[in-house]
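For reference, the structure is listed below as structure tokens.
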Number of protein chains: 2
Amino acid sequence: MPTRRSERPAILLGALNGHLGYFIRRLQVWVFQDFIRTLAPIKISPAQFSVLAVISDNRGLSQAELAMTLGIERARLVRLLHRLEQRGLIQRLRSAADGRRHALQLRPRGRTVLMRANALAAKHEGRLIDMLGAERHALLLGALRDL
Amino acid sequence: MPTRRSERPAILLGALNGHLGYFIRRLQVWVFQDFIRTLAPIKISPAQFSVLAVISDNRGLSQAELAMTLGIERARLVRLLHRLEQRGLIQRLRSAADGRRHALQLRPRGRTVLMRANALAAKHEGRLIDMLGAERHALLLGALRDL
DNA sequence: TATTGTTATACTCTATAACTATA
DNA sequence: TATAGTTATAGAGTATAACAATA
């Protein structure tokens, strides 16, 4: 027979305990909040960071390829890229081979910002490791990286 | 020296490979999409499901307690609960002891809907297990449940 | 016809501040 | 004065559909 240990009984999660999605969601919310605050000085959101990182390592890729790689809607990418272009971080070049495509690449300023973003993102990752413990962090990364 | 195995080189994730948050986010998006589609017949969102589940197992708790338990903004809960109340799934009772608090509880219809929701959510969880593999699913649940 | 980029719409989520009523 | 619930706002994210230019 279970006994209460505190005056106020703890609130139960009920059916949620069996659902991985609930715990994934909670962790994801924590990650976004910490990431956004950490990169606030350079005003780079998680989505913008992922876009800059992928363009950096895949110079000349198209918007459709970028959208599919990151699982972002093509329509949403338009506004996202427009802002990065306005800030002088990226460039959209019409492809010579296929007039429909935009070849994406970082501008010098984008490379600089990405370097700062990487440094700040590393600090965020450090806090995530602190929270999870290094072993659990490695376990999760290994389990999720190759899906 | 690495060699290319396909005509078109695969798109690289670059710096994202070191960030657990990226992979957590991708999985979380998959989970939400599948959950929403699975529970579409009864029009219950992930947030609504979590609210019904916690109220069910903690009859009479307040909105502030519920908000803190689920990590939802108090302000957002208001509209969420309002809709569930309009649908006849929950009830807000003024607390006799403290006039500021609303004691939350499921109405009979809410209990019925939650039972259907649990059945559909189990199907969703089955698909998640299929995608991850049973061992990985158990590994992740164990690693995330006690944060 | 199909694809790429674009525009538009509607709804939800997130963050924030401020208001009211009760304590 | 502090707390519980509420209202309001702005900015993102998500899901759609439809359009023009190009293939």
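Per chain, numbering begins at 1; letters A, B, ... match sequence-line order.
When each of B:Arg100, B:Arg94, B:His102, B:Arg101 is paired with B:Asp98, the side chain to side chain donor-acceptor pair (under 3.5 Å) condition holds for B:Arg100 and for no other.
Between B:Arg76 and C:dT14, a side-chain N or O to OP1/OP2 separation shorter than 4.0 Å is present. The side chain of A:Gln33 places an N or O atom within less than 4.0 Å of a non-bridging phosphate oxygen (OP1 or OP2) of C:dA15. Put simply, B:Arg25 has a side-chain N or O that comes within less than 4.0 Å of OP1 or OP2 on D:dT14. Taking 4.0 angstrom as the limit, A:Gln63 places a side-chain polar atom (N or O) nearer than this to OP1 or OP2 of C:dT6. For the pair B:Arg100 and C:dA23, the criterion of a side-chain N or O lying under 4.0 Å from OP1 or OP2 is not met. Of the side-chain N and O atoms in A:Arg92, one or more sit less than 4.0 angstrom from OP1 or OP2 of C:dT6. Within the 4.0 Å cut-off from OP1 or OP2 of C:dC11, not a single side-chain nitrogen or oxygen of B:Arg79 is found.
Computed from coordinates, the A:Glu73 CD to C:dA10 C1' distance equals 14 Å when rounded to whole Å. Rounded to an integer number of Å, the gap from A:Lys43 NZ to D:dA12 P is 11 Å. If you take CZ of B:Arg74 and C1' of C:dT14, they are 15 Å apart, rounded to a whole angstrom. Atom CD1 of B:Ile36 is separated from atom P of C:dC11 by 15 Å (rounded to the nearest Å). In this structure, B:Asp34 places its CG atom 16 Å from C1' of D:dA15, rounding to the nearest Å. Between A:Phe49 atom CZ and D:dG13 atom P there is a gap of 15 Å when expressed in whole angstrom units. For the pair B:His102 NE2 and C:dA21 C1', the interatomic distance rounds to 10 Å; values are reported in whole Å.
The side chain of A:Ala64 lies closest to C:dT4 when the candidates are C:dT4, D:dA23, D:dG5. Of the candidates D:dA4, C:dG5, C:dC13, the closest approach to any side-chain atom of B:Ala47 belongs to C:dC13.
A residue-by-residue look at A:Gln28 and B:Ala97 shows that A:Gln28 has its nearest nucleotide of DNA chain C further toward the 5' end. Residues B:Leu77 and A:Ala96 both approach DNA chain D. Their nearest nucleotides, taken by heavy-atom distance, put B:Leu77 toward the 5′ side. Each of B:Gly71 and A:Ala75 has a nearest nucleotide on DNA chain C; the 5'-most of these lies closest to A:Ala75. Residue whose closest nucleotide on DNA chain D sits further toward the 5' end, between A:Gly99 and A:Leu80: A:Leu80.
Between A:Phe49 and B:His19, the ring planes are perpendicular. Angles over 60° get that label, and only those under 30° would be called parallel.
Using a 4.0 Å heavy-atom cutoff across all strands shown, B:Arg101 reaches sugar-phosphate atoms only and no base atom. Using a 4.0 Å heavy-atom cutoff across all strands shown, A:Arg37 reaches no nucleic acid atom at all.
With rounding to the nearest 0.5 Å, the separation of CG in A:Leu16 from CZ in A:Phe23 is 7.0 Å.
Counted within 6.0 Å of CE on B:Met131, heavy atoms from surrounding residues, nucleotides or ligands total more than 12; the atom is thus considered enclosed.
In terms of hydrophobic clustering, with Ile, Leu, Val, Met, Phe, Trp and Tyr side chains grouped at heavy-atom distances under 4.5 Å, B:Trp30 and A:Leu140 are assigned to a common cluster.
Side-chain contact of A:Gln28 with A:Arg25: a donor-acceptor pair under 3.5 Å is present, judged by distance alone.
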